[in-house]
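Throughout, protein chains are lettered first and strands after them, A, B, ... in sequence-line order, and every chain is numbered starting at 1.
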Number of protein chains: 2
Amino acid sequence: MKIFATNLAKTASSSDVIFDALRDSIISGQIQAGESMRQAHIAELFNVSRIPVREALKRLEAQGLVQSLRYKGYVVSPLSHAEMEEIYEIRANLEPIVIEKSVANMSDETLEEAKEYCDSFSTEAEASKWGEWNRLFHETLYRDAERPYHLKLVGEAIDRVDSYLRAQLVLTNGMEIAIREHHGILEACLQRDGALAAKRTREHILGSYRVLIDYLGNQSK
Amino acid sequence: MKIFATNLAKTASSSDVIFDALRDSIISGQIQAGESMRQAHIAELFNVSRIPVREALKRLEAQGLVQSLRYKGYVVSPLSHAEMEEIYEIRANLEPIVIEKSVANMSDETLEEAKEYCDSFSTEAEASKWGEWNRLFHETLYRDAERPYHLKLVGEAIDRVDSYLRAQLVLTNGMEIAIREHHGILEACLQRDGALAAKRTREHILGSYRVLIDYLGNQSK
DNA sequence: ATAATTCAGATTGTATACAATATTCAATAT
DNA sequence: ATATTGAATATTGTATACAATCTGAATTAT
């Protein structure tokens with residue numbers, strides 16, 4: 001018997017809720033790398049048994065955000081400099097392709113929404129929210145690309161780095177540069193110049209990586 | 001309390017065994033897209049309860065190989081032409097980077113092993129094994145790159161396409177071309193010419209995509 | 001004092017059980 | 001004949017229970 005997926009909509013199960021909540025806690029930096037999480041402890045927090053907790057953790061593990069240490073609980077995966085470099089390299093190679101494709105189909109609504117996030121990022125006072133605005137800005141610009149697989153990969157890669165970045169509030173550095181670059185990317189999109197948007201996106205990603213490396217270098221002194 | 005991951009080795013649980021077995025069945029084409037799999041049915045096959053089965057399925061779902069249709073079982077995710085195109089685009093962009101880095105560190109043992117897989121691919125009579133040799137050949141050449149994150153992404157992308165390709169035995173087409181290109185890539189590696197290996201890898205991937213599209217085009221006539 | 005040993009408690013992986021909900025198919029109405 | 005309803009069945013998601021095994025600290029031996 002053959003069945004093809006049609007109605008993906010489904011009421012969220014506990015397992016899904018826990019997955020989302022844990023993921024948010026990790027990428028927002030509330031749970032830090034190396035912190036040990038017991039299944040029973042998480043189950044208590046959500047007032048459920050360990051069964052849905054385990055399923056959520058398996059999914060987080062498949063995504064690489066978390067790893068299991070048998071009899072020692074789950075931990076948020078530590079992020080090595082090497083892995084961070086890989087992730088920025090991947091982003092620098094994939095995101096320009098996505099934005100170029102997106103610009104070709106970009107609606108006016110998308111542009112407006114992106115502008116709002118860009119402004120929010122520029123004017124937001126509370127540092128803890130910068131990561132969110134930053135992400136919304138970029139995600140919005142990629143929306144019209146019709147490249148779901150690219151976006152899944154890039155999204156998970158960003159999750160991975162965000163889990164570390166936000167915990168450390170690294171974003172504080174290079175804010176002025178990031179704001180300027182965001183405006184540059186947005187401007188290219190408004191002019192419907194996909195190639196330029198792609199070029200600036202690539203430079204933006206490589207630039208943020210350099211800022212990050214610089215910060216980590218100073219940090220260790 | 002902080003705990004950092006050290007001993008990742010652990011005895012495989014039922015859940016792990018089931019995950020591996022299902023993944024193999026899917027990427028080898030034994031379970032085809034759209035085929036419905038009941039939790040209880042899988043549990044019977046492995047002589048276990050549904051609990052470890054569910055965990056394995058959640059992991060496969062996170063990887064995109066499978067999707068849940070509530071009350072209708074899990075199905076192997078159908079692969080659209082659009083998604084296939086995305087995957088080949090990603091591979092064409094990432095794998096050249098990996099092989100170039102790999103060639104820079106490539107050991108003689110790696111080269112020898114790759115040559116064996118290359119020969120096996122060329123001389124194998126049984127079509128069902130070509131996919132396996134092909135994959136081992138490429139994976140071996142990427143081994144010395146020290147790019148685990150790249151390899152994880154590329155590996156999962158290949159899983160996704162293999163699940164479809166092998167089921168259809170599409171590999172039959174363009175074999176002579178693939179063999180010639182494999183030799184070309186291997187030769188570039190033997191000459192320690194990373195840039196050339198990268199270029200040929202990219203062409204090889206784009207070429208296989210063209211063969212595939214061509215095949216699918218003829219198929220639908 | 002230090003090293004080895006032991007044992008209680010903690011933690012995990014999975015089987016079983018059960019309520020909630022969807023599906024299916026026969027019976028009925030149109 | 002086709003559409004609608006309803007009850008029996010099937011399927012899922014999760015709670016509970018339990019055996020296996022690890023950890024950690026007290027205890028013993030050196």
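Remark: side-chain polar atoms of A/T201 are not paired, donor with acceptor, to backbone N or O of A/P96 under 3.5 angstrom. Put simply, the side chain of A/E86 gets close to the backbone of B/H150: a donor and an acceptor are under 3.5 Å apart. Of the possible polar contacts, one joining the B/N105 side chain to the B/D144 backbone as a donor-acceptor pair under 3.5 Å is found.
Contact between the side-chain N/O atoms of B/Q39 and the OP1/OP2 oxygens of D/dA10 is not found at any separation under 4.0 Å. An OP1 or OP2 oxygen of C/dT16 is reached within less than 4.0 angstrom by no side-chain nitrogen or oxygen of B/S49. At C/dG13, none of the side-chain N or O atoms of B/S13 fall inside 4.0 Å of OP1 or OP2 (strictly under the cut-off).
Take the nearest nucleotide of DNA chain D for A/P52 and for B/A40: the residue whose nucleotide is more 5' is B/A40.
Within 6.0 Å of NZ in B/K129 there are 12 or fewer heavy atoms belonging to other residues, nucleotides or ligands.
Heavy atoms only, all atoms of each residue included: B/L206 and B/A92 are closest at CD2-CB, 3.7 Å. When every heavy atom of A/V75 is checked against every heavy atom of A/S36, the shortest pair comes out as CG1-CA, 4.1 Å. Closest non-hydrogen pair, B/K152 versus A/A62, comes out as NZ-O, 3.4 Å.
Per the geometry, CD belonging to B/E61 stands 14 Å off C1' belonging to D/dG13, to the nearest Å. The CD-C1' distance, from B/E44 to C/dT16, rounds to 15 Å in whole Å. Rounded to whole angstrom, the span from the NE2 atom of B/H41 across to the P atom of D/dA10 amounts to 15 Å. For A/E55 and D/dT12, the CD to P distance is 12 Å, given to the nearest whole Å. Summarising the geometry, the separation between CZ on A/R38 and C1' on D/dG24 is reported as 12 Å, rounded to the nearest angstrom. Here the P atom of nucleotide C/dG13 and the CZ atom of B/R54 are 16 Å apart, to the nearest Å. With rounding to whole Å, A/F46 atom CZ is found 18 Å from D/dG13 atom P. Note: OH (A/Y74) to P (C/dT11) measures 15 Å, nearest angstrom.
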Tabulate protein N/O versus nucleotide N/O from nucleotides 17-22 of chain D, keeping only pairs under 3.5 Å, one per line.
residue, atom, partner, partner atom, Å
D/dT21, O4', A/Y71, OH, 3.3

